[in-house]
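For clarity, every value in this text was computed on a predicted model and none was experimentally measured.
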Amino acid sequence: MTGVRKAAPQESIGIFRRVLQRDPHDPRRWADLGEALLEVGQKEDARYCFGQVLALAPRSADFLLRVAEFHFQIGENKEAIPITARILRLIPDYDSIIFSDYIKFVDDAEAVVQYGLPEDRRTARSWLQFLIKAERRDDAQRTWDWIETHGYADDALAGEFAELLVRQGHPDSAASAWAQHLGTRLGDYRKTNYLFNGDLESEPAQSPFDWNIARTQGADVARDCTTSWSGKCSLRVLFAGTQNLDFAAASQLTLVRPGSYHFHAYIRTDGLTTGQGIRFRISDAEAPARMDVIFGQ
């Protein structure tokens, strides 16, 4: 079996030079030549080649990425970052590649948010979600602060960031970030009331500090704005009656300091025949052995 021989770097350089003599306006060949020159250590000649690529294809994400990769590889982050920001502004296809380069090559997270992200909501969200998935809390915190300042955050993104902080053992910071994001919607939350959206007047957000409504066979659980104790809405749990259930219809995480608290809730039932009725459970999320109380009808 005969394999295809890969050309040696010097041989490749000669081939690329001859091709460019026939068509000096082909950015792909300039990029190929630049990468080959860099491989043999001819950095300045490679720089000239990638300058040609930038001049010939200033709006092509493919070629811009190759130029940025060249600058990253030789430690020229200041030259690379504005180019990757241009790519992010053009299309979302290379988000993960560029963000991986940021983590690999850029030590200063401030440089990324200041120069490496175009000022648009999509890219900011994508970068923060990438950091959350990578569990990079410090970088995520800096990015979150920048996003909040620019008004790019929404409840779902704030919830994702809060979940990262909770997951990494910083519930206090998570609760503070969530409260800061709420702004004027904060009301008495974390002052006299420690359950956010307790009466379900708003649709639950994707946040650990809002209601997590369960989905389970044998019961339909939903926000109901036809019946309420206060305001306009409540939580409705409709049992199919086909089986006995032991599940949490809705749950919420809250942060409290040591002290005394009063819990109260209002329940209305209709046609409920079970012997146990509706129950509430309050437990310590970090160590249930310290507190795990179940009570109800």
Start with the C-alpha distance between Leu90 and Leu64, add both sets of side-chain angles, then the distance that settles side-chain contact (heavy atoms from CB on, under 4.5 Å), and finish with yes or no.
-> CA-CA 11 Å; Leu90 289 172; Leu64 288 173; 3.9 Å; yes

Stepwise side-chain contact (heavy atoms from CB on, under 4.5 Å) test for Glu119 and Tyr152 = CA-CA 9 Å; Glu119 292 198 4; Tyr152 295 153; 3.5 Å; yes

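- Electrostatic pairing of Arg47 and Glu44 counts as a salt bridge here, judged by a charged N lying under 4.0 Å from a carboxylate O.
- Summarising the geometry, atom OG belonging to Ser100 is positioned 10.5 Å from atom CZ belonging to Phe105; distances are rounded to the nearest 0.5 Å.
- Looking at Glu201 and Asn197, their side chains never bring a donor and an acceptor atom within 3.5 Å of each other.
- Aromatic ring pairs are classed by plane angle as parallel below 30°, tilted from 30° to 60° and perpendicular above 60°; the pair His264 and Tyr266 is perpendicular.
- We find the CG-OG distance between Leu131 and Ser126 to be 9.5 Å, quoted to the nearest 0.5 Å.
- Proximity of a side-chain donor or acceptor of Asp210 to a complementary backbone N or O of Ala205 within less than 3.5 Å is detected.
- Side-chain contact between Ile147 and His181: absent, with no pair of heavy atoms (C-beta onward) separated by less than 4.5 Å.
- Residue Val256 is found in a hydrophobic cluster whose other members, listed by chain and number, are Tyr194, Tyr261; membership requires side-chain heavy atoms under 4.5 Å apart, directly or through intermediates.
- With a 4.5 Å cut-off on side-chain heavy atoms, Glu163 and Gln206 do not count as touching.
- With hydrogens and angles disregarded, no donor-acceptor distance shorter than 3.5 Å links the side chain of Ser283 to the backbone of Pro288.
- To the nearest 0.5 Å, the span separating CZ on Arg236 from SG on Cys225 amounts to 10.0 Å.
- Hydrophobic clustering of Ile, Leu, Val, Met, Phe, Trp and Tyr side chains at less than 4.5 Å, counting indirect connections, keeps Ile267 apart from Trp229.
- Atom CG of Leu20 and atom NE2 of His25 lie 10.5 Å apart (nearest 0.5 Å).
- Side-chain contact between Thr84 and Phe72: present, with at least one pair of heavy atoms (C-beta onward) separated by less than 4.5 Å.
- Residues Val166 and Phe209 meet the side-chain proximity criterion, which asks for heavy atoms closer than 4.5 Å.
- Within a 6.0 Å radius of CD in Gln252, more than 12 heavy atoms belonging to other residues, nucleotides or ligands are found.
- The only member of Ile132, Val113, Asp138 that meets side chain to side chain contact (heavy atoms under 4.5 Å, CB included) when paired with Thr143 is Val113.
- Ring planes of Trp127 and Tyr102: perpendicular class, angle over 60° (limits at 30 and 60°).
- The closest donor-acceptor contact from the side chain of Arg86 to the backbone of Pro58 lies under 3.5 Å.
- Taking 4.5 Å as the limit, some side-chain heavy atom of Ile282 sits within range of a side-chain heavy atom of Phe295.
- Leu164 has its side chain out of reach of Arg136: every pair of non-hydrogen atoms, C-beta onward, lies at least 4.5 Å apart.
- Looking only at distances, a side-chain donor or acceptor of Arg121 sits under 3.5 Å from a matching main-chain atom of Gly151.
- By the 6.0 Å contact criterion, CG on Asp107 is open, its count of non-hydrogen atoms from other residues, nucleotides or ligands being 12 or less.
- No salt bridge links Arg142 with Asp145; every basic N to acidic carboxylate O contact stays at or beyond 4.0 Å.
- Salt bridge present: Asp95 and Arg122 bring a charged side-chain N and a carboxylate O closer than 4.0 Å.
- Heavy atoms of other residues, nucleotides or ligands lying less than 6.0 angstrom from CZ of Arg185 number more than 12.
- Between Pro171 and Glu286 the shortest side-chain heavy-atom distance falls below 4.5 Å.
- Salt bridge annotation for Asp154-Arg125: present, with a cationic side-chain nitrogen under 4.0 angstrom from a carboxylate oxygen.
- Counting heavy atoms of neighbouring residues, nucleotides and ligands inside a 6.0 Å radius, atom CZ of Phe280 exceeds 12 of them.
- In this structure, the side chains of Trp178 and Pro208 stay at 4.5 Å or more apart for every pair of heavy atoms.
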